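On a predicted model such as this, the values are computed, not experimentally measured, just so you know. Whatever order the structure lists them in is the order used to number ligands and atoms, beginning at 1.
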Amino acid sequence: MGTLWSQERSPEGELPNEWGRRWTVAGQVLMAVLIFGLLLGSSVLFVYIFGSCGPRPCETPVCLALLAHYLASGNTSVDPCTNFFTFACGNTKGTSNSFQTLAKENKNRLRRVLEAPDIWHPDSGEEKVFKFYSSCMNTSAIEAAGAGPLKHIIEELGGWRISGNWTSLDFNRTLRLLMSQYGYFPFFRAYLHPHPNSPHTPVIQIEQPEFDIPLKQEQEQKIYAQIVREYLAYLNRLGTLLGGDPVKVQQHASMSISITSRLFQFQRQAQGKLFQIVTIAQLQEMAPAIDWLSCLQAMFVPMSLSPSQPLVVHDLEYLKNMSQLVEEQLLTHRDFVQSHMIFGLVGTLSRALDSNFQEAHRELIQKLRQLTERPPMPTYPRWMKCVEETGTYFTPTLAALFVHEAFSRNTQSAAMELFSAIKDTLFSRLQRLPWMNEETRKEAQERFTQLQVKMGAPEWALKPELAKQEYSDIQLGPSFLQSFLSCGRSLRARIVRNLLHPFPHHRWHVFPWGVNAYYSISDHVVVIPAGLLQPPFFHPEYPRAVNFGAAGSIMAHELLHIFYQFLLPGGCPSCDTHALQRVVLCLENHYAAFPLPSGTSFNSSHTFLENAADIGGLAIALQAYSKRLLWHRGETTLPKLGLSPRQLFFRSYAQVLCRETGSQDSQDTHSPPTLRVHGPLSNTPAFARHFRCPHGTLMNPSIRCQLW
Ligand SMILES: *[C@@H]1O[C@H](CO)[C@@H](O)[C@H](O)[C@H]1NC(C)=O
Ligand SMILES: *[C@@H]1O[C@H](CO)[C@@H](O)[C@H](O)[C@H]1NC(C)=O
Ligand SMILES: *[C@@H]1O[C@H](CO)[C@@H](O)[C@H](O)[C@H]1NC(C)=O
Ligand SMILES: *[C@@H]1O[C@H](CO)[C@@H](O)[C@H](O)[C@H]1NC(C)=O
Ligand SMILES: *[C@@H]1O[C@H](CO)[C@@H](O)[C@H](O)[C@H]1NC(C)=O
Ligand SMILES: *[C@@H]1O[C@H](CO)[C@@H](O)[C@H](O)[C@H]1NC(C)=O
């Protein structure tokens with residue numbers, strides 16, 4: 001039966017089978033034709049959408065403002081294939097520094113908030129913030145008060161022989177007051193920092209003071225003498241402004257300078273000495289002139305210190321010599337020591353004093369910069385200084401105000417989305433790096449998944465109710481100087497309290513309205529402040545090309561710093577070292593091939609890590625952007641520039657790096673701006689393709705390197 005059944009079945013089944021096969025063949029042909037037709041149709045459609053109409057121009061006010069910015073900054077008559085930097089950044093008025101411009105604009109936003117009439121709640125902490133700012137801006141009140149408030153402080157410190165009454169000196173009391181009440185350190189510097197292993201027992205560190213005079217070891221004798229002369233003239237001016245007798249002032253000013261230069265010599269001898277741990281009692285024996293316990297106790301309330309408290313000391317030799325000098329001086333010239341301390345204090349307070357003091361200080365700085373061949377200090381408007389002071393003393397409130405003003409939830413989530421796109425792209429690229437073996441790849445991926453990201457502002461500023469501070473220990477008035485000093489005391493106390501309390505989060509190194517993103521090795525966290533996620537670097541309404549090219553490549557750059565140790569010599573023993581060395585060498589040659597603007601000199605071995613992050617950052621941002629182009633519709637671009645979305649991406653990458661050429665600091669770990677633009681872009685084949693750069697032009701070299 002079974003067989004019959006099967007026999008019967010077989011011919012029955014054969015027919016449909018046969019037909020089925022025929023249908024399949026015919027169907028395949030038909031399908032192929034259909035799919036081909038569809039593809040043809042859709043590609044015609046595709047060409048129609050992206051070719052003839054092109055991406056939609058963004059003409060919202062936000063985009064038009066960006067357009068104006070781009071139009072004002074470049075010179076499009078320059079060939080992008082030979083000098084893209086000038087194409088994007090050069091114009092007749094010279095190149096402006098994109099980061100500096102943005103930083104200034106962010107401060108201007110804060111200024112508008114601080115100057116808006118009556119937006120604060122009376123009798124709240126906020127009220128103090130606005131009042132502090134307005135008393136800082138009230139220059140007529142500051143001028144009217146003149147040197148009066150300062151003279152009052154000098155009396156509180158025991159007076160000085162130059163003017164007013166001079167009572168006998170209680171050296172330890174004056175020093176304690178200077179440090180704890182005025183934050184000024186004439187002979188040594190003491191500060192707290194978190195303990196690397198147990199975060200709530202901060203470490204007290206003692207080191208040399210910062211010297212007001214820019215003395216350097218390798219300085220020529222002639223320059224040294226000129227610097228000293230300028231400084232002497234400055235101290236004379238201060239003494240006169242405080243009503244001193246010129247002859248006496250001259251005498252005390254000279255002695256003050258001689259004390260400074262003796263201290264400086266101690267430091268010079270002790271250079272390179274290591275850190276040591278000693279107790280307060282031990283330090284008291286070695287450097288007996290100072291009452292260490294009471295000085296440090298006054299500075300670091302509410303910590304409770306005892307003679308057995310350990311201290312981290314940098315340069316014990318310096319402290320011993322310093323103590324000896326102070327004892328010597330106190331024996332013979334007690335009044336000179338007092339004047340020396342007060343001169344130093346007045347210098348640090350000049351920014352809270354009237355225009356005479358400010359002008360004297362500014363002129364000193366300009367002359368010293370001239371002598372040490374540094375560019376002159378730019379002059380900043382008063383409002384900017386006042387915004388900065390207010391930001392320093394009232395950071396929590398200003399952070400919350402800035403977030404409220406300029407970092408809406410919409411901006412925040414758009415930034416997070418951009419960041420995820422960048423992060424995913426980098427993660428997938430890790431799979432394909434020829435110089436990484438499995439083990440390194442795993443390690444890299446693990447580091448990557450453990451990474452924390454802080455976007456915009458610390459948690460407490462994103463939830464404004466957490467940022468409410470009462471600032472109850474701040475007393476404003478009667479003079480601006482007194483407000484300023486009260487704010488300083490409150491800030492120092494807050495820093496101590498913060499270090500004593502458990503703090504589960506990363507402590508930000510930048511203000512949320514700042515423009516510097518960074519990676520913290522110790523906390524393994526990438527921080528991107530709200531100040532950076534602003535026009536012209538980022539806006540949710542911008543064409544994606546702009547956000548990916550500008551903010552996106554910065555994000556990718558910072559992410560790559562997680563892996564920087566792989567690139568250090570011997571930093572990745574399990575990598576394919578030959579392959580790695582080949583691309584490192586390739587990169588070095590790549591950068592060495594670019595001409596430098598005249599007058600620039602820098603050491604390319606200092607900039608290697610940043611170059612690598614620049615190159616990788618651009619490649620990752622471009623890949624992330626291309627992926628978006630593929631999967632998302634509705635691409636926009638800027639009108640009038642005549643740039644395709646990808647060209648706009650490259651232009652935006654360059655735009656954030658615009659900066660004056662020739663202002664390279666020899667310590668800068670970044671390449672000069674032209675190189676930061678040309679190095680990565682010329683290493684990108686897509687750049688040459690989209691700008692149609694002929695082979696062999698600067699931006700289309702024959703050799704490219706693939707590190708990331
Ligand atoms: C733009 O560059 C061209 C060619 O170098 C130069 O002649 C012109 O003056 C530049 N224009 C501006 C506005 O800088
Ligand atoms: C400046 O301060 C003076 C004195 O305190 C006050 O009378 C004046 O109204 C203030 N000016 C402004 C613009 O706040
Ligand atoms: C100096 O001290 C005397 C007495 O204590 C006092 O009357 C006088 O006003 C003081 N002078 C100054 C300039 O402070
Ligand atoms: C300051 O205090 C220390 C420690 O008590 C003491 O050795 C030193 O003599 C004091 N200095 C003066 C000038 O009183
Ligand atoms: C510092 O002190 C040590 C010993 O106390 C001494 O040998 C050295 O000469 C001093 N340094 C200076 C620059 O005076
Ligand atoms: C650049 O810096 C490296 C490392 O600090 C040093 O070895 C090299 O000599 C420097 N080169 C120049 C030209 O200064």
Side-chain angles (χ1 to χ4, degrees), residues 68 70-96 111 114-118 127 130-146 148-149 157-158 167-180 186-188 259 279-298 305-307 319-320 322-338 340-341 352 354-355 382-383 386 390 476-484 597 658 660-661 674 698:
Y70 278 22
L71 286 175
S73 107
N75 181 349
T76 43
S77 47
V78 171
D79 179 8
C81 295
T82 55
N83 192 348
F84 197 71
F85 180 79
T86 305
F87 179 83
C89 301
N91 70 6
T92 36
K93 280 186 266 138
T95 303
S96 61
R111 172 199 190 183
L114 288 168
E115 289 180 358
D118 301 343
E127 183 182 9
F130 288 83
K131 286 197 163 156
F132 176 81
Y133 176 78
S134 82
S135 79
C136 179
M137 289 300 286
N138 191 341
T139 44
S140 50
I142 294 172
E143 294 302 319
L157 288 166
T167 49
S168 160
L169 166 69
D170 181 348
F171 169 75
N172 283 313
R173 174 179 171 273
T174 305
L175 184 61
R176 191 169 60 234
L177 286 176
L178 281 175
M179 289 169 52
S180 63
F187 300 112
F188 59 90
I259 293 176
T279 63
I280 290 183
Q282 286 167 327
L283 185 60
Q284 189 63 57
E285 251 172 60
M286 292 185 274
I290 311 284
D291 187 353
W292 292 98
L293 183 59
S294 84
C295 267
L296 296 175
Q297 181 63 74
L305 303 181
S306 72
L319 294 179
K320 287 183 194 166
M322 175 275 290
S323 170
Q324 207 176 351
L325 174 69
V326 169
E327 277 183 333
E328 256 169 54
Q329 295 289 319
L330 284 172
L331 276 179
T332 50
H333 310 291
R334 291 173 85 84
D335 51 345
F336 288 137
V337 177
Q338 176 82 354
H340 171 71
M341 295 195 284
D354 71 25
S355 56
R382 177 87 193 165
W383 69 262
C386 291
T390 313
L476 295 185
S479 65
F480 176 62
L481 178 63
Q482 273 145 324
S483 304
F484 174 85
C658 290
E660 319 76 354
T661 54
T674 49
L698 185 82

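The distance between the ring centers of Tyr133 and Phe130 does not fall below 6.0 angstrom.
Although no hydrogens or angles enter the test, the distance criterion places a donor-acceptor pair under 3.5 Å between the side chain of Ser323 and the main chain of Ala289. No donor-acceptor distance shorter than 3.5 angstrom exists from the side chain of Arg111 to the backbone of Cys386, with no hydrogens or angles considered.
Of the inter-residue distances, the one linking Lys320 atom NZ with Gln324 atom CD reads 10.5 Å to the nearest 0.5 angstrom. To the nearest 0.5 Å, atoms CD1 (Ile280) and CD (Gln297) are separated by 8.0 Å. With values rounded to the nearest 0.5 angstrom, Met179 atom CE is found 4.0 Å from Phe188 atom CZ.
Close approach to Asn75 involves these atoms of ligand 1, each under 4.0 Å from a residue heavy atom: 1 (C), 2 (O), 3 (C), 8 (C), 10 (C), 11 (N), 12 (C), 14 (O). Short contacts between ligand 4 and Phe171, defined as distances under 4.0 Å to a heavy atom of the residue, involve ligand atoms 13 (C). Those atoms of ligand 4 that come under 4.0 Å of a heavy atom in Ala289, given as number and element, are 1 (C), 8 (C), 10 (C), 11 (N). Per-residue contacts place Gln284 under 4.0 angstrom from the following atoms of ligand 4 (heavy atoms of the residue considered): 4 (C). Close contacts between ligand 4 and Pro288 involve ligand atoms 3 (C), 6 (C), 7 (O), 8 (C) [criterion: under 4.0 Å to a heavy atom]. Close contacts of ligand 1 with Val78, meaning ligand atoms under 4.0 Å from a residue heavy atom, involve 2 (O). For ligand 1, the atoms sitting less than 4.0 Å from at least one non-hydrogen atom of Ser77 are 1 (C), 2 (O), 3 (C), numbered in the order shown with element in parentheses.
Annotation: atom 4 (C) of ligand 2 to nearest protein heavy atom, Ala141 CB, 4.2 Å. For atom 5 (O) of ligand 4, the closest non-hydrogen atom on the protein side is Asp291 CG, 3.8 Å. Summary of contacts: the protein heavy atom closest to atom 11 (N) of ligand 2 is Asn138 ND2, 2.9 Å.
Side-chain atoms of Phe187 and His340, non-hydrogen and from C-beta on, do get closer than 4.5 Å to each other.
Nearest residue to atom 13 (C) of ligand 4 from Thr174, Leu330, Val326 is Leu330 (criterion: closest heavy atom).
For the residue pair Ser140 and Asn138, a side-chain donor N or O sits within less than 3.5 Å of a side-chain acceptor on the partner.
For atom 2 (O) of ligand 2, a protein heavy-atom neighbour is present inside the 4.0 Å cut-off. Within the 4.0 angstrom cut-off, atom 9 (O) of ligand 4 has no protein heavy-atom neighbours.
Using cut-offs of 30° and 60° for the angle between ring planes, the Phe484 and Phe480 rings count as tilted.
Taking any N or O of Asn172, backbone or side chain, at least one lies under 3.5 Å from an N or O belonging to ligand 4.
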